[in-house]
Amino acid sequence: YRAVSDAIIEQRLRPGARLREDALAEVFGISRTGIRKILQRLALEQLVTLTPRRGASVTRPTADEAKDVFDARQLVECGLMPDVARRMGSKEAAALRDMARQEREALRSGERSTAIKLSADFHVQLARLSGNATLAAFVEQLCSRSSLIMAVYGNPGHLGCESHDHDNLIGFLEQGDAERAKAFMGRHLKAIEASLSMVEKDDSAPDLHQIFGA
């Protein structure tokens, strides 16, 4: 599961690429039943699309889907900021700053896929701090879809936001300034969305043995 999801986010498996159960079973040395369960899990996260009679393929997000995802994030994540601000303590702030530092280091090192995942983890952790487990789970799903969108349509070298954005947001939350945190989160998400370049590339058949080092 982790190997396939990482390959999707890292763009080694491109949107539209077919994921044949028999080929994956051979590559990983497990049964097709096991592969089917993994593909179903990835489909629930909308990283993989399952089509009757055609099988599985890497999800190809459209411009409309990308807009829907970021609109949903605006509504949910901005709405959670007052609850997060009320529950933010020095321990929570320190943990978030460490996550933001790791994200910056990954981006500086050219590990863009790692930075994308760390950015998603940061937003999910913020949502969890709200205390609303249901909305936090929804944010996690949205961030998973955003990671795919950003990996495919984002620009190399940055994540569509300033490297210090997350630190600034932590500062507002630590001060208990919910309104500024809410406004900042809105601008932050808009900046990420605005950085996307929705240019689709042609499909190509992936060499699964090469991708997964088999």
Side-chain angles (χ1 to χ4, degrees), residues 1-2 5-6 9 41-42 44-47 61 64-109 111-151 153-154 158-196:
Y1 163 79
R2 181 54 56 194
S5 61
D6 283 352
I9 298 303
R41 179 178 173 186
L42 290 164
L44 286 174
E45 297 178 7
Q46 301 193 49
L47 294 178
D64 286 341
E65 287 168 344
K67 184 178 186 305
D68 286 349
V69 167
F70 279 97
D71 283 351
R73 290 187 64 178
Q74 284 278 351
L75 287 170
V76 179
E77 292 189 70
C78 292
L80 289 175
M81 288 303 98
D83 288 335
V84 176
R86 282 193 293 272
R87 298 165 65 95
M88 180 69 70
S90 57
K91 180 180 178 182
E92 291 78 10
L96 287 168
R97 284 197 173 92
D98 187 57
M99 295 178 76
R101 177 188 57 77
Q102 292 180 52
E103 179 189 337
R104 287 195 305 274
E105 289 177 355
L107 200 53
R108 279 199 297 266
S109 301
E111 300 172 5
R112 185 169 176 274
S113 60
T114 300
I116 288 174
K117 285 183 281 191
L118 289 169
S119 178
D121 290 345
F122 177 91
H123 282 261
V124 172
Q125 183 58 26
L126 268 185
R128 288 173 178 159
L129 287 174
S130 71
N132 189 318
T134 299
L135 287 178
F138 184 42
V139 169
E140 185 170 10
Q141 181 187 23
L142 291 172
C143 285
S144 178
R145 296 181 68 187
S146 296
S147 294
L148 175 60
I149 291 165
M150 291 165 63
Y153 298 115
H158 64 88
L159 303 183
C161 55
E162 296 297 329
S163 62
H164 53 72
D165 269 11
H166 285 169
D167 283 310
N168 291 343
L169 179 59
I170 295 165
F172 295 138
L173 291 167
E174 197 172 20
Q175 295 163 17
D177 195 337
E179 285 307 309
R180 290 186 73 182
K182 184 175 180 179
F184 191 90
M185 175 65 86
R187 292 193 301 273
H188 176 65
L189 292 171
K190 280 294 184 186
I192 297 172
E193 183 181 1
S195 75
L196 301 176

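The model shown is predicted, which means the values in this text are computed figures rather than measured ones. All values below were derived from every heavy atom in this structure, side-chain atoms included, with hydrogens, water molecules and symmetry-related copies excluded.
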Colleague: Side-chain contact test, heavy atoms from C-beta onward, threshold under 4.5 Å: evaluate it for Leu80 versus Leu126 and give yes or no.
Modeller: no

Colleague: Any chance you could measure Ile192, atom CD1, to Ile149, atom CD1, to the nearest 0.5 Å?
Modeller: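 Interatomic distance, Ile192 CD1 to Ile149 CD1, rounded to 0.5 Å: 11.0 Å.
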
Colleague: Give, for atom CD of Glu111 and atom NZ of Lys117, the distance between the pair rounded to the nearest 0.5 Å.
Modeller: 10.0 Å

Colleague: Evaluate Gln74 against Lys190 for side chain to side chain contact (heavy atoms under 4.5 Å, CB included), listing each step before the verdict.
Modeller: CA-CA 8 Å; Gln74 284 278 351; Lys190 280 294 184 186; 3.3 Å; yes

Colleague: Look at Asp165 together with Arg187 and state whether they make a salt bridge at an N to O cut-off of under 4.0 Å.
Modeller: no

Colleague: Quick check for you: to the nearest 0.5 Å, what is the distance between Leu173 atom CG and Phe184 atom CZ?
Modeller: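 The CZ atom of Phe184 is 10.0 Å from CG of Leu173, to the nearest 0.5 Å.
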
Colleague: I'd like to check Val139 versus Arg73 (side-chain heavy atoms, cut-off strictly below 4.5 Å). Are they in contact?
Modeller: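 Result no, sub-4.5 Å side-chain heavy-atom pair not found.
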
Colleague: Locate the shortest heavy-atom distance separating Leu47 from Ser144; write the atom from each residue and the value.
Modeller: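 Heavy atoms of Leu47 and Ser144 come nearest at CD2-O, 3.8 Å.
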
Colleague: Quiz question: by atom type and distance under 3.5 Å, do the side chains of Asp121 and Gln125 form a donor-acceptor pair?
Modeller: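 On atom types as modelled, these side chains do not qualify, holding no pair under 3.5 Å.
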
Colleague: For Pro61, does its backbone N or O pair with a side-chain atom of Tyr153 as donor and acceptor, under 3.5 Å?
Modeller: yes

Colleague: Going by heavy atoms in the side chains, are Glu193 and Leu189 under 4.5 Å from each other?
Modeller: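 Counting from C-beta outward, Glu193 and Leu189 never come under 4.5 Å.
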
Colleague: Decide side chain to side chain contact (heavy atoms under 4.5 Å, CB included) for His188 and Glu77; before the verdict, give the C-alpha distance in whole Å, the side-chain angles of both, and the deciding distance to 0.1 Å.
Modeller: CA-CA 11 Å; His188 176 65; Glu77 292 189 70; over 6 Å; no

Colleague: Do Arg180 and Asn168 have side chains that approach each other closer than 4.5 Å (heavy atoms only, starting at C-beta)?
Modeller: no

Colleague: Taking 4.0 angstrom as the limit, do Asp64 and Lys67 come out as a salt bridge?
Modeller: no

Colleague: How close do Arg97 and Asp167 get, counting heavy atoms only, and between which atoms?
Modeller: CG-OD1, 3.9 Å

Colleague: Which heavy atom of Leu135 sits nearest to which heavy atom of Asn132, and what is that distance?
Modeller: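 Shortest heavy-atom separation between Leu135 and Asn132 comes out as N-OD1, 3.0 Å.
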
Colleague: Keeping the roles fixed (side chain from Glu92, backbone from Gly89), state whether a donor-acceptor pair exists under 3.5 Å.
Modeller: yes

Colleague: Does any non-hydrogen side-chain atom of Leu169 lie less than 4.5 Å from one of Met81?
Modeller: yes

Colleague: Can a donor-acceptor pair be found, under 3.5 Å and without considering hydrogens, that links the side chain of Ser119 to the backbone of Ala115?
Modeller: no

Colleague: How far apart are the closest heavy atoms of Asp83 and Ser130, and which atoms are they?
Modeller: CB-O, 3.8 Å

Colleague: Report the distance from atom CD of Glu103 to atom CD1 of Ile116, rounding to the nearest 0.5 Å.
Modeller: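 Taking CD in Glu103 and CD1 in Ile116, the distance rounds to 10.0 Å.
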
Colleague: Specify the closest pair of heavy atoms between Cys78 and Lys182, including all atoms of both residues, with the distance to one decimal.
Modeller: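 Smallest interatomic distance, heavy atoms only, reads O-CG, 3.4 Å.
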
Colleague: Give me the atom names and distance for the closest heavy-atom approach of Pro82 to Ala178.
Modeller: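 Nearest heavy atoms, Pro82 then Ala178: CA-CB, 3.6 Å.
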
Colleague: In terms of the angle between their ring planes, are His166 and Phe122 parallel, tilted or perpendicular, with boundaries placed at 30° and 60°?
Modeller: parallel

Colleague: Closer than 4.0 angstrom, basic N to acidic O: yes or no for Arg145 and Glu65?
Modeller: no

Colleague: Say you draw a straight line from CG of Leu75 to CZ of Phe70; how long is it, rounded to the nearest 0.5 Å?
Modeller: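 Spacing of CG (Leu75) from CZ (Phe70) equals 13.5 Å.
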
Colleague: To the nearest 0.5 Å, what is the distance between CG (Leu96) and NE2 (His123)?
Modeller: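 Nearest 0.5 Å value for the CG-NE2 distance: 10.5 Å.
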
